[in-house]
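Residue numbers start at 1 and run along the sequence shown. Owing to the predicted nature of the structure, the values given are computational and were not obtained by experimental measurement.
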Amino acid sequence: MSTLKQAISCVSGYDPDALPVAKANEVIRSFVNPVSGVEKLRVRAALGRVLAKDVVSPINVPSHDNSAMDGYAVRKRRSRRGEPVALTEIGTAYAGREFTGEVKRGECVRVMTGAVMPKNTDTVIIQEAVTANGKRITIRPGRSPDRTAGSRAKICRKAGPPFTPDGCCAPPISA
């Protein structure tokens, strides 16, 4: 078998500065063996390999609505913009953990990034926007609710569109 350089130099009418694209493709194809089979590998072993079929998630990721920032999970406020809002902190939800109580009007739950959003809450007020005094927090006047509550299946949806389509290299984030 000759080298790629030798094969190219033997092409009739070879000009090292002007090899036509079609001819270059033909020469390159002569050195490439097409993929003839498919292997089934563990995800970590597939890094850098070309996928034979779409990768579709069997689960929602994340499986719950979660907090995208440290702060306080609250019910969407319906107060006047010029007034502070005082709430009672009734618990804490840590990353990946769920607060098991129920949040009522006038209450909030301290949430960390990645925490499951507590029942009856739909908004996170970032910690920098409140004044805390023990279990009592005050949201400063004029503060709009933050959009820091991530939604369920934001990364990938169960049986939804492919997380990684076929024909792509398995990227590091997938492995």
Side-chain angles (χ1 to χ4, degrees), residues 35 37-175:
V35 176
V38 175
E39 295 177 285
K40 191 168 186 174
L41 302 171
R42 295 192 176 276
V43 172
R44 293 203 182 272
L47 179 61
R49 304 293 284 281
V50 175
L51 300 173
K53 65 180 192 173
D54 294 347
V55 175
V56 177
S57 180
I59 60 171
N60 289 328
V61 178
S63 60
H64 54 270
D65 293 338
N66 65 353
S67 175
M69 298 185 84
D70 292 350
Y72 296 87
V74 300
R75 291 173 165 215
K76 199 170 268 179
R77 300 181 295 135
R78 306 224 190 291
S79 63
R80 292 188 201 120
R81 277 204 177 275
E83 299 177 10
V85 176
L87 301 169
T88 303
E89 181 186 327
I90 60 168
T92 303
Y94 296 99
R97 304 292 174 127
E98 187 173 8
F99 173 75
T100 56
E102 190 172 318
V103 181
K104 297 179 180 127
R105 187 166 256 101
E107 298 176 331
C108 65
V109 173
R110 177 92 166 102
V111 290
M112 305 303 157
T113 303
V116 176
M117 287 295 288
K119 189 174 183 179
N120 294 335
T121 65
D122 56 9
T123 303
V124 175
I125 303 297
I126 60 173
Q127 61 189 6
E128 294 84 0
V130 306
T131 304
N133 186 5
K135 293 291 182 188
R136 198 79 176 146
I137 69 147
T138 303
I139 302 169
R140 293 186 206 106
R143 183 66 198 184
S144 303
D146 297 295
R147 298 195 186 278
T148 57
S151 51
R152 174 181 334 235
K154 187 175 185 177
I155 298 171
C156 55
R157 186 171 310 283
K158 179 179 181 179
F163 182 63
T164 308
D166 70 338
C168 291
C169 260
I173 193 166
S174 297

- Note on the structure: To the nearest 0.5 Å, atom OG of Ser67 lies from atom CE of Met112 at 9.0 Å
- Item | By side chain to side chain donor-acceptor pair (under 3.5 Å) - contacts of Thr88 (at least two apart) | Arg136
- Task: Return the set of residues passing side-chain contact (heavy atoms from CB on, under 4.5 Å) with Ala95 (not counting sequence neighbours), or none when no residue passes.
- Result: none
May I have the list of side-chain donor-acceptor pairs in residues 125-132 shorter than 3.5 Å, sequence neighbours left out?
from   : atom 1 : to     : atom 2 : distance (Å)
Gln127 : OE1    : Arg110 : NH1    : 3.2
Gln127 : OE1    : Arg110 : NH2    : 2.7

- Message: Among Ile90, Thr92, Val116, exactly one meets side-chain contact (heavy atoms from CB on, under 4.5 Å) together with Phe99. Which residue is that?
- Response: Ile90
- Please list, chain by chain and in numerical order, all residues satisfying side chain to side chain donor-acceptor pair (under 3.5 Å) with Glu98, sequence neighbours excluded. none
- Message: With a 4.5 Å cut-off on side-chain heavy atoms, are Arg105 and Asn120 touching?
- Response: no
- Task: Considering non-hydrogen atoms only, spot the tightest contact between Arg75 and Asp122 and give its length.
- Result: C-OD1, 3.6 Å
- With a 4.5 Å limit on heavy-atom distance, are the side chains of Val74 and Leu87 in contact? yes
- Message: Please enumerate all residues that pass side-chain contact (heavy atoms from CB on, under 4.5 Å) together with Ala115, with sequence neighbours excluded.
- Response: Ala93, Val111
- Message: Could you work out, with side chain to side chain donor-acceptor pair (under 3.5 Å) as the rule, every residue matching Thr138, not counting sequence neighbours?
- Response: none
- Quick one: salt bridge (Lys or Arg N to Asp or Glu O under 4.0 Å) partners of Glu89, sequence neighbours excluded? Lys135
- Message: I'd like to check the side chain to side chain donor-acceptor pair (under 3.5 Å) partners of Glu39; sequence neighbours left out, ordered by chain and number.
- Response: Arg49
- Query: Quick one: CD on Glu107 to CD1 on Ile137, what's the gap to the nearest 0.5 Å?
  - Reply: 11.5 Å
- Note on the structure: For Ala52 and Val38, the nearest pair of non-hydrogen atoms, with its separation, is CB-CG1, 3.7 Å
